[in-house]
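Notes follow the structure.
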Amino acid sequence: MYSETVMDHFKNPRNVGEIENPDGVGEVGNPVCGDIMKIFLKIENNIVVDAKFKTFGCGAAIASSSMATELVRGKSLEDAWKLSNKAVAEALDGLPPIKMHCSVLAEEGIHKAINDYRVKHGLEPWQESSSHSHEHGEDPVCQQ
Ligand code: FES
């Protein structure tokens, strides 16, 4: 059911942990399954120089956080913001449809962390776009 890439990132997640004195932190949760993801970003000159995560959640959420933190490293804030949950799922060689919403947590966590940084620096937070896919409705049912 899961791709080898998902299993790899689930069993050997990259970038687990916290960043000391992070520049941006985003914590998101799915109220249905109770899974929680916290993203930490270190930002220098508008570039994400480090990204780490702590996820208390299902395997797909852990694999998504691992992949998402890998993907945003080295990116400008603008490019990191554009990382969609679909891109994370594609980089994982796909997620089962019922697990797509788990990757949404990664996108939302990164958005929150970026906006945390922006607000701390007196900048307007960026708006979540509607392309942001909650394909399974507002209230996705998590199936472990
Ligand atoms: Fe809740 Fe995956 S995030 S089941």
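In listed order, ligands and their atoms are each counted from 1.
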Indicate whether the side chain of S3 and that of D93 have a donor and an acceptor atom separated by less than 3.5 Å. no

Using only atom types and a distance under 3.5 Å, with no angle test, would you say the side chain of R118 pairs donor to acceptor with the backbone of P125? no

Are a donor atom and an acceptor atom from the side chains of E78 and N46 found within less than 3.5 Å of each other? yes

Once the angle between the rings of H111 and W81 is folded into 0 to 90°, is it parallel (under 30°), tilted (30 to 60°) or perpendicular (over 60°)? parallel

For the pair K120 and D116, find out whether any cationic side-chain nitrogen is under 4.0 Å from an anionic carboxylate oxygen. yes

Considering the options K42, K54, K38, which one meets the salt bridge (Lys or Arg N to Asp or Glu O under 4.0 Å) requirement together with E18? K54

Considering the heavy atoms of L105, write down every atom of ligand 1 situated less than 4.0 Å from one of them. 3 (S)

Which N/O/S atom belongs to D35 and is the closest one to atom 1 (Fe) of ligand 1? OD2

Is there an N/O/S atom in H101 that lies less than 2.8 Å from atom 1 (Fe) of ligand 1? no

Would you check whether K99 reaches within less than 4.0 Å of ligand 1, judged by its heavy atoms? yes

Within 2.8 Å of atom 2 (Fe) of ligand 1, is there any N, O or S atom belonging to C102? yes

N/O/S atom of C58 inside 2.8 Å of atom 2 (Fe) of ligand 1, strictly under: yes

Counting each atom of ligand 1 from 1 as listed, which ones have a heavy atom of C33 under 4.0 Å away? 1 (Fe), 3 (S), 4 (S)

